[in-house]
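Some notes on the structure that comes next.
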Amino acid sequence: MVGPSGKIYALDINPIAIEMVRHLAALRSLKNVETILTDYDTGLPAASVDVVLFYDTYHALNKPELVMKELHRILKPEGTLSFRDHYMREEEIMEGATRKRLFKLKRKGKSTYSFKKDEA
């Protein structure tokens, strides 16, 4: 999806999940996948990511506010946060993304919500 010049960052707090991604990327000879073992600090440059896929994760976070702040920091101004969590109700998803005015709803899909950065 990202093409030969694109980059994929796979982040997780679980070392086993990170190793699984590394293994799958190696099996498929994907050279553009970088894994990052972290709870919230990505170490990525500010405004460097086009799209964040944030799926079935929010409900289990220990520090959700810090994670959302970091996603806001690394996302480009025109970037998209795609958010889905099957363990949460719509109201909880909206509250999680829009709290602290970090993100605004861009589009609501069947089970996925697309947000843009709120620069207000």
Fill in: Any side-chain heavy-atom pair of Lys63 and Tyr40 under 4.5 Å
yes
Worksheet item: Would you say the side chains of Thr80 and Lys116 form a donor-acceptor pair under 3.5 Å?
Response: no
Worksheet item: Can you check whether His59's main-chain N or O pairs, donor with acceptor, with Asp85's side chain at less than 3.5 Å?
Response: yes
Practice prompt. Kindly give the heavy-atom pair with the smallest separation between Leu37 and Asn14, and that separation in Å.
Written response: CD1-C, 3.8 Å
Worksheet item: Sub-3.5 Å donor-acceptor pair from the side chain of Lys117 to the main-chain atoms of Gly79, do we have one?
Response: no
Discussion item. Is there a side-chain contact between Asn62 and Asp39 in this structure, where contact means two heavy atoms from C-beta onward sitting under 4.5 Å apart?
Written reply: no
Practice prompt. Kindly say whether Ala10 contributes a backbone atom to a donor-acceptor pair with the side chain of Glu34 at under 3.5 angstrom?
Written response: no
Item to complete: Kindly say whether Ile8 contributes a backbone atom to a donor-acceptor pair with the side chain of Asn32 at under 3.5 angstrom?
Response: no
Discussion item. Hydrophobic cluster membership, with links at side-chain heavy-atom distances under 4.5 Å among I/L/V/M/F/W/Y: are Leu102 and Leu66 in one?
Written reply: yes
Discussion item. Looking at Glu65 and Lys100, is there a salt bridge between them, counting it only when a charged N and a carboxylate O are closer than 4.0 Å?
Written reply: no
Worksheet item: Okay, side chain of Thr38, backbone of Asp41: is any donor-acceptor separation there less than 3.5 Å?
Response: yes
Worksheet item: Any link between Ile36 and Val49 through a network of hydrophobic side chains (Ile, Leu, Val, Met, Phe, Trp, Tyr) touching at under 4.5 Å?
Response: yes
Worksheet item: Do Met88 and Val67 share a hydrophobic cluster (ILVMFWY, side-chain heavy atoms under 4.5 Å, transitive)?
Response: yes
Discussion item. If you define the side chain from C-beta out and look only at heavy atoms, does anything of Thr57 sit under 4.5 Å from Leu61?
Written reply: yes
Worksheet entry | Asp56 side chain vs His86 backbone, donor-acceptor pair below 3.5 Å | yes
Fill in: Minimum-distance pair of heavy atoms, taken over all atoms of Leu75 and Leu81
CD2-N, 4.0 Å
Discussion item. Tell me if the aromatic rings of Phe83 and Phe54 count as close, with their centers under 6.0 Å from one another.
Written reply: yes
Worksheet entry | More than 12 heavy atoms from other groups under 6.0 Å of CZ on Arg107 | no
Discussion item. Would you say Val51 ends up clustered with Val33 if hydrophobic residues are merged whenever their side chains have heavy atoms under 4.5 Å apart, either directly or through other cluster members?
Written reply: no
Worksheet item: Can you list the steps and then say if Glu90 with Met94 is a side chain to side chain contact (heavy atoms under 4.5 Å, CB included)?
Response: CA-CA 6 Å; Glu90 179 176 347; Met94 292 298 297; 4.3 Å; yes
Discussion item. Contact between Tyr113 and Leu105 at the side-chain level, heavy atoms closer than 4.5 Å - yes or no?
Written reply: yes
Worksheet item: Do Ser82 and Tyr55 have side-chain N/O donor and acceptor atoms under 3.5 Å apart?
Response: yes
Worksheet item: Cluster question for you: counting only ILVMFWY and a side-chain heavy-atom cut-off of under 4.5 Å, with indirect links fine, are Leu44 and Val21 together?
Response: no
Worksheet entry | Check: Arg84/Ser111 side-chain N/O donor and acceptor closer than 3.5 Å | no
Practice prompt. Flag the pair Tyr58 / Glu92 as yes when at least one side-chain heavy-atom distance between them is below 4.5 Å, and no otherwise.
Written response: no
